[in-house]
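Both ligands and their constituent atoms are indexed starting at 1 by order of listing.
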Amino acid sequence: MQTVLVTGGAGYIGSHTCHMLIENGYNVIVIDSLENGHREHLPEQVRFYKEDLNNFEKINTIFEGNEIDAVIHFAGYIEAGESMQDPIKFFQNNVSNSINLIKAMKNNNVRNIVFSSSAGVYGQPEEMPIKETAKKKPTNYYGLTKLMFEQILDSAKVYNMQSICLRYFNAAGAGYNIGEKHNPETHLIPLILQVATGERNNIKIFGTDYPTPDGTCIRDYIHVLDLAKAHIKALHLLDRNIKGKFNVGTGKGNSVKEIINICREVTQHTIPAEECPRREGDPPELVADSNKFKEFDWQPEHSIRDIIQSAWDWHSLQKQT
Ligand code: UDP
């Protein structure tokens, strides 16, 4: 039985992945500072350490005390807008603290790491859908920290380490009774659903003058369970010494207005929308070409309707409890 150390395991994508790892017979160790994570979202079989990656000595001790076969590194700040207000906070956590993790891996001869990267590494590429080879010109510091850490991981081959970087597109949906719960919430689908539950009055559409068919931004929304499955696949690939960088999306884009309309259908709520100015730094369209990853027999299984239905089932349950 393999033992996987998951950093940021109590976060949204991390906790889904932990559940799926347990289901697939892995031993799971989680390090999470709980600054943004939720301890109650973790399966009880997980060995949990409340720790921050800035504490190298503690992290190294955790490695020394456990036989770790591979690492999945989710921990990091995720708010692109915030990264433009406080870039150093992002470089400190997403780059500097993450280096502590590599140091601990190196000290303890752990070779394999799967890294949570992002479509944010690309900025706004000229060609759609986006291939892994597209130019990387992040439009915010968040995307830059992801790109920097990808490059740092490349350099770690010197220490005989190998990595798979999964460049997520827009994670959404709910599984294992866990939904998207950020504080403050900034993501489109949970915000729309909060209108349907009565927690908000309306949804603000950030920009209606983009060069897209209905003028609103297009994103590639992928079910969090399809993303979790991508991590299990990545661990299998590393076992076969297959490494690299992979887009993880569905290849299908939906505009903000389309998403609002699907939410209206699913929730049977009118969901008032207000047209607002653009949000700074938003590229008009981001859709993945995930064929490189699909060659290894990974396929997204969930449609955008499934995503929204699962998110709604979870949100409406939260409201009742
Ligand atoms: N968006 C919006 N209103 C909101 C939140 C988001 O119109 O209240 C838009 C945002 O401008 C972007 C898309 O929805 O075009 C997805 O935004 P989100 O923050 O969910 O993900 P991102 O693509 O920025 O990672």
**Asked** Strictly under 6.0 Å, is that where the ring centroids of H231 and F74 end up?
**Response** yes
**For V224, all residues meeting side chain to side chain contact (heavy atoms under 4.5 Å, CB included), sequence neighbours excluded** = Y12, I13, H16
**Prompt:** Are any of the side-chain nitrogens in D32 or K50 under 4.0 Å away from the carboxylate oxygens of its partner?
**Reply:** no
**Request:** Decide whether E295 and N291 meet the rule of one side-chain donor and one side-chain acceptor closer than 3.5 Å.
**Result:** no
**Prompt:** Between D239 and Q2, does any side-chain donor sit less than 3.5 Å from a side-chain acceptor?
**Reply:** yes
**Asked** For the residue pair F90 and Y77, is the inter-centroid distance of their aromatic rings smaller than 6.0 Å?
**Response** yes
**Request:** Heavy-atom cut-off of under 4.0 Å around ligand 1: list whichever protein residues fall inside it, by chain and number.
**Result:** N170, T186, H187, L188, L191, I203, K204, I205, F206, C217, R219, Y221, V256, R279, D282
